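Note sheet for the following structure.
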Amino acid sequence: SLKATVLDSNLNIVTSETVRFDSELPHYKTKDGVYRDASVSGRIVSPTLMWVEALDLVLDKLKKAKFEFERVVAVSGSGQQHGSVYWKNGSSDRLASLDPNKPLLDQLTDTLSIKESPIWMDSSTTVQCREIEKAVGGALELSRLTGSRGYERFTGPQIRKLYDTQPDVYCQTERISLVSSFMASLLIGTYASIDETDGAGMNLMDIRTRDWSKIVLDATAPGLEDKLGKLAPAHAIAGSIAPYFVERFQFNKNCLVIQWSGDNPNSLAGLTLNTPGDLAISLGTSDTVFGIASEPQPRLQGHVFPNPVDTTSYMVMLVYKNGSLTREDVRNRCADQSWDVFNKVLEQTPPLNGGKLGFYYKEHEIMPPLPVGIHRYVLDNFIADTLDVKAHEVTEFDAPSEVRGIIEGHFLSMRAHTERFGMPTPPKRIIATGGASANLSILKSVASIFGCDVYTVQRPDSASLGAALRAAHGWLCHGEGSFVPFSCIYKNKLETSSLSCKLSMPTGDKQLHSKYTMLMKKRIEIEDSLVQKLGRI
C-alpha cells in the first residue's frame with residue numbers, strides 16, 4: 001500500500017489516507033502489490049507505474065477530504081528498501097515539464113526502460129552476488145566495504161543482472177533510482193539523489209566515506225556512477241515541491257521535499273531511536289532488531305547503514321526469520337495452544353533454565369545462518385560463574401524447559417549478535433513493538449537478559465510516521481542552516497504526541513543479568529559450532 005501520514009507542529013497525527021494496491025488499483029493484477037514470476041525462479045517485481053498512479057490517488061483522497069495542502073511546509077517519505085527503478089534516456093525532460101491538468105500516469109507511461117521494478121522479495125540474483133563478492137575479495141570484504149555481504153534483494157546485484165542479461169536496456173537507462181528516490185523525483189520534478197542510508201542497502205556504497213565505492217561499482221556494471229547520481233544525507237533538501245503539485249493540489253510553492261529513505265531507516269526514526277545505546281526489537285512473524293552504534297563493525301550476517309537521523313553514527317539491523325510462528329509452535333506443543341498457559345509455565349520455570357539451551361529453527365534462519373531443525377543442550381553442573389562447563393546434546397526437554405528454552409535462547413542469541421555488531425551493552429533502553437510486545441512475561445525475560453528497561457509502543461505504521469518526523473527534522477535543519485539533533489523536534493513532546501511510549505518492564509536483577517552474560521557466552525560458543533557444522537554460508 002501507499003500511506004500518507006500528516007503531522008502537526010505538536011507531532012500529533014492530523015490525518016492519514018491509504019491506497020491499497022490490490023483492491024484499489026486492480027487493473028495491475030498484483031497480489032500483495034507484486035508479481036511472482038513463475039518462469040524465473042525467485043523473480044518478484046512490482047509494476048512501477050502502479051506507484052505513480054497511487055501517488056496521485058492518495059493525494060486525491062486527501063483533496064476530497066478537504067485537506068489544506070497549502071499549510072504543508074515539508075514532505076518526506078519511506079520506500080521499500082532495495083527496490084530499483086530504471087529511467088529511460090530523455091526522461092528528465094518529461095519529469096521537468098509535467099502538465100497539472102493531466103494525471104501523472106498519462107505523462108510518465110513511456111519514461112521507463114523497464115516497466116517492472118525488482119523489489120526486496122526478489123531472490124533471482126545469487127550468481128551476481130557471488131560474482132561481486134569474488135571481484136572485491138570475498139563476502140566479508142564486501143560487508144566491510146558496504147555494510148552487508150552480497151544479498152539477492154540488494155540493488156547492486158539486481159543492476160549487474162540487468163547488465164548481464166539485457167545490456168541494451170542498461171545502455172538505454174539514463175538514471176537508476178531506488179523506490180525512495182523515485183518517489184522523491186516525482187515530487188520535485190527532477191532526479192532526486194539517493195540518500196546515504198537507503199544507499200547502503202545496495203551493496204554499492206562505502207559506509208565509512210558515505211560515497212559510492214569505485215571497486216564495487218566496477219565489479220557491478222560499466223558507467224554505473226553516472227546512472228546513480230550523487231548521494232545525499234538523509235536530512236538534506238531534495239528540492240522544492242514541483243509546480244505540478246502546486247497547481248493540481250495547491251501545495252505551497254515553498255514546501256520543501258526532504259530526502260526520502262528506506263522503510264527500515266524510517267521505522268527507526270518512527271520509533272524515536274537516535275543515539276548509541278538505543279535498541280528496538282520488533283516481535284512479529286520475523287523478529288527485527290534495530291540499534292545504533294558509534295562505529296560500524298559489519299559481519300557476514302546482518303546489516304550496517306548510516307544512521308538516518310544522525311550524521312556520525314550507524315544503524316544496525318538484524319533479522320530473525322524464526323519469530324512468532326516458531327514461538328507459537330512451542331506454545332501449541334507444550335502449553336495447550338494457550339498463551340495464558342505458556343506465560344504461566346514461563347513464570348514458574350526458574351530463569352537460566354537450569355543450564356538448558358535450545359535452538360529452534362522452524363524456518364531456515366538468517367541470524368545465524370542455520371537450516372531447519374531443533375537442537376537442545378544441557379550444561380553440566382551449570383552455576384553461571386564460569387565458562388568451563390561441558391555441554392551435551394539431548395533429544396528433548398520437558399515442557400517447562402522447552403517454553404523457557406525458546407524465549408531465553410532467542411533473546412540470548414539476539415543480545416550476543418547486537419554486541420558483536422558494536423552496540424553498547426547494556427543498552428540505554430529497549431523499545432519493543434509488534435504483536436508479542438504485549439506479552440509481559442516475554443518482556444520480563446528481555447529486560448533480564450539485556451539488563452535494561454523495556455518500553456512499548458503500538459505503531460503499526462512506524463515507517464510512514466518516521467518519514468513525517470524526518471520531514472520535520474529536515475525542515476528544522478534547513479531553517480537552522482546546519483544539522484541539529486533529531487531529538488530537538490520532539491523535545492518535551494514525547495508524552496503528549498503520537499510518539500508516546502510507556503515503560504512496560506523495568507531493568508531486571510543485576511546479578512541475574514550477570515549470570516545471563518555467562519549463559520550467553522556459552523550459547524554463542526555452541527551456536528558458532530553449529531554454524532561450522534551445518535551453516536548455510
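Note that the coordinates shown come from a computational prediction; the quantities given were computed from them, not determined experimentally.
- Counted by atom type alone, Glu152 and Thr126 present one or more donor-acceptor pairs between their side chains at under 3.5 Å.
- Residues passing the side chain to side chain contact (heavy atoms under 4.5 Å, CB included) test with Val45 are Tyr35, Arg43, Glu116, sequence neighbours excluded.
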Legend entry - Ser76 vs His473, side chain to side chain contact (heavy atoms under 4.5 Å, CB included): CA-CA, chis, key distance, verdict: CA-CA 10 Å; Ser76 189; His473 182 231; over 6 Å; no
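- Taking the side chain as every heavy atom from C-beta outward, Val372 and Lys362 never approach each other to under 4.5 Å.
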Inset, instruction - List the steps, then state whether salt bridge (charged side-chain N to carboxylate O under 4.0 Å, His left out) holds for Lys356 with Asp398. - result: CA-CA 11 Å; Lys356 298 185 184 78; Asp398 57 29; 5.2 Å; no
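- The shortest side-chain heavy-atom distance between Met205 and Asp211 does not fall under the 4.5 Å cut-off.
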Inset, instruction - Go through Asn203 and Leu145 one step at a time and tell me if the side chain to side chain contact (heavy atoms under 4.5 Å, CB included) criterion holds. - result: CA-CA 8 Å; Asn203 281 142; Leu145 271 170; over 6 Å; no
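- Contact check on Glu131 versus Lys134 returns no salt bridge, with no Lys/Arg side-chain nitrogen under 4.0 Å from an Asp/Glu carboxylate oxygen.
- No donor-acceptor distance shorter than 3.5 angstrom exists from the side chain of Arg153 to the backbone of Ser123, with no hydrogens or angles considered.
- Put simply, the side chain of Arg376 never gets that close to the backbone of Gly405: no donor and acceptor are under 3.5 Å apart.
- The pair Arg523-Glu408 fails the salt-bridge criterion, with no side-chain N (NZ, NE, NH1 or NH2) lying under 4.0 Å from an Asp/Glu carboxylate O.
- Inter-residue side-chain proximity for Ile132 and Arg160 is flagged as met; some heavy-atom pair is nearer than 4.5 Å.
- Considering all non-hydrogen atoms of both residues, Gly270 and Leu465 come closest at O-CD2, 4.1 Å.
- Taking 4.0 Å as the cut-off between side-chain N and carboxylate O, Asp287 and Arg327 count as a salt-bridged pair.
- Put simply, the residue from Lys533, Arg420, Lys521 that forms a salt bridge (charged side-chain N to carboxylate O under 4.0 Å, His left out) with Asp528 is Arg420.
- Side chain of Thr349 to main chain of Val345: a donor-acceptor pair is present (N/O by atom type, distance under 3.5 Å, no hydrogens or angles).
- Aromatic ring centres of His392 and Tyr377: separated by at least 6.0 Å.
- Enclosure of atom CD in Glu347 by more than 12 non-hydrogen atoms of other residues, nucleotides or ligands within 6.0 angstrom is indicated.
- Under the side chain to side chain contact (heavy atoms under 4.5 Å, CB included) rule, Ile430 has a single partner from Asp453, Leu443, Val289, Ile281, which is Ile281.
- Proximity of a side-chain donor or acceptor of Glu365 to a complementary backbone N or O of Asn322 within less than 3.5 Å is detected.
- Under a 3.5 Å cut-off, the side chain of Arg429 and the backbone N or O of Cys452 do not form any donor-acceptor pair.
- When only modelled atom types and interatomic distance are considered, Asp336 and Ser338 share no side-chain donor-acceptor pair under 3.5 Å.
- Within the 3.5 Å criterion, the main-chain N or O of Pro368 finds no donor-acceptor partner in the side chain of Glu527.
- Smallest separation of non-hydrogen atoms from His82 and Gly201: ND1-O, 2.8 Å.
- Between the side chain of Ser514 and the backbone N or O of Lys510, no donor-acceptor pair lies under 3.5 Å.
- For the residue pair Tyr314 / Gln297, no side-chain donor-acceptor distance below 3.5 Å is found, with atom types taken as modelled.
- Ring pair Phe483/His235: centre-to-centre distance below 6.0 Å.
- Summarising the geometry of Asp263 relative to Ala463, their closest heavy-atom pair is O-CB, 3.7 Å, with the distance given to 0.1 Å.
- For the pairing with Ser46, the side chain to side chain contact (heavy atoms under 4.5 Å, CB included) check across Val85, Asp122, Val34 returns one residue only, Val34.
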Inset, instruction - Decide side chain to side chain contact (heavy atoms under 4.5 Å, CB included) for Asn264 and Met315; before the verdict, give the C-alpha distance in whole Å, the side-chain angles of both, and the deciding distance to 0.1 Å. - result: CA-CA 10 Å; Asn264 292 306; Met315 167 186 172; 4.0 Å; yes
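- No side-chain heavy atom of Ser324 sits under 4.5 Å from any side-chain heavy atom of Leu283.
- Between Gln81 and Phe305 the shortest side-chain heavy-atom distance falls below 4.5 Å.
- The shortest side-chain heavy-atom distance between Phe342 and Cys334 does not fall under the 4.5 Å cut-off.
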Inset, instruction - Evaluate the criterion side chain to side chain contact (heavy atoms under 4.5 Å, CB included) for residue pair Leu204 and Leu224; output intermediate values, then yes/no. - result: CA-CA 10 Å; Leu204 292 173; Leu224 182 52; 4.1 Å; yes
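- Ser78 pairs by the side-chain hydrogen bond (donor to acceptor under 3.5 Å, both in side chains) definition with nothing, not counting sequence neighbours.
- Residues Ser313 and Asp310 have side chains that bring a donor and an acceptor to within less than 3.5 angstrom of each other.
- Using bins of under 30°, 30° to 60° and over 60° for the plane-to-plane angle, the ring pair Phe411/Phe450 lands in the perpendicular bin.
- In terms of modelled atom types and a separation under 3.5 Å, the side chain of Asp22 and the main chain of Asp32 share a donor-acceptor contact.
- Residues Thr272 and Tyr455 fail the side-chain proximity criterion, which asks for heavy atoms closer than 4.5 Å.
- Residue Ser464 comes nearest to Thr5 through the heavy atom pair OG-OG1, 2.6 Å, listed as atom of the first residue, atom of the second, then distance.
- With respect to Lys214 and Asp218, a salt bridge is recorded, a charged nitrogen being found less than 4.0 Å from a carboxylate O.
- Salt-bridge formation is detected for the pair Glu133/Arg130: a Lys NZ or Arg NE/NH1/NH2 atom is positioned less than 4.0 Å from an Asp or Glu carboxylate oxygen.
- Between Tyr320 and Thr288, every side-chain heavy-atom pair lies at or beyond the 4.5 Å cut-off.
- Of the possible donor and acceptor atoms, one in the side chain of Thr220 sits under 3.5 Å from a partner among the backbone N and O of Val216.
- Looking at His303, its side chain never comes within 3.5 Å of a backbone N or O of Met317 through a donor-acceptor pair.
- When all heavy atoms of Asp195 and Ala234 are compared, the pair lying nearest together is OD2-CB, 3.7 Å.
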